[in-house]
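For reference, the structure discussed in these notes is given below.
Because the structure is predicted, anything quoted here is derived from the model rather than measured.
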Amino acid sequence: MTVGKKAEQYELKVRWETARQVLEVTPTGVRFDFNAPLKVGTRYPVSLKAPGVAFSTTLEVTRCQLTVDSATGRFFRVTGKFFPYVE
């Protein structure tokens, strides 16, 4: 995976739903805003796309926090690590 790309260049989908915004992409995981809550400890199929990069993998959710923003409304800030783990 190319980590040199900016997080906002990525489109992330969990199953078929697109994330509102990708905040951070690392070789081991991703942090993003999502419209629906994702259950911590659960693994979800995800796909990530950016210019010149596209891959599908499994993401294990490590954190899901309800966030309320006066401008953009209510959403969930999700952090997860790619599975199987790459140490």
Any donor-acceptor pair under 3.5 Å linking the side chain of Arg43 with the backbone of Val61? no
Residues 44-56 side chain polar contacts: donor-acceptor under 3.5 Å, at least two apart:
| from | atom 1 | to | atom 2 | distance (Å) |
| --- | --- | --- | --- | --- |
| Tyr44 | OH | Lys39 | N | 2.9 |

Roughly how far apart are Leu23 CG and Gln21 CD, rounded to 0.5 Å? 4.5 Å
Criterion side chain to side chain contact (heavy atoms under 4.5 Å, CB included) against Phe76, the qualifying member of Thr67, Asn35, Leu66, Leu38: Leu66
Is any side-chain heavy atom of Leu59 closer than 4.5 Å to one of Phe83? no
Those residues that, when tested against Gln65, pass side chain to side chain donor-acceptor pair (under 3.5 Å) (two or more places apart): Arg63
Name all residues meeting the side chain to side chain contact (heavy atoms under 4.5 Å, CB included) criterion together with Ala19; count only those two or more places apart in sequence or in a different chain, and write none if there are none. Leu12, Phe32, Phe34
Do Val22 and Glu11 have side chains that get closer than 4.5 Å, going by heavy atoms? no
Could you list all the salt bridge (Lys or Arg N to Asp or Glu O under 4.0 Å) pairs where at least one residue sits in residues 64-73, not counting sequence neighbours? none
Do Lys81 and Val30 pass the side-chain contact (heavy atoms from CB on, under 4.5 Å) test, and can you show the C-alpha distance, the side-chain angles, and the key distance before you say yes or no? CA-CA 6 Å; Lys81 55 186 175 181; Val30 65; over 6 Å; no
Results of salt bridge (charged side-chain N to carboxylate O under 4.0 Å, His left out) for Arg77 - residues two or more places apart only: Asp33
Partners of Glu17 by salt bridge (charged side-chain N to carboxylate O under 4.0 Å, His left out), sequence neighbours excluded? none
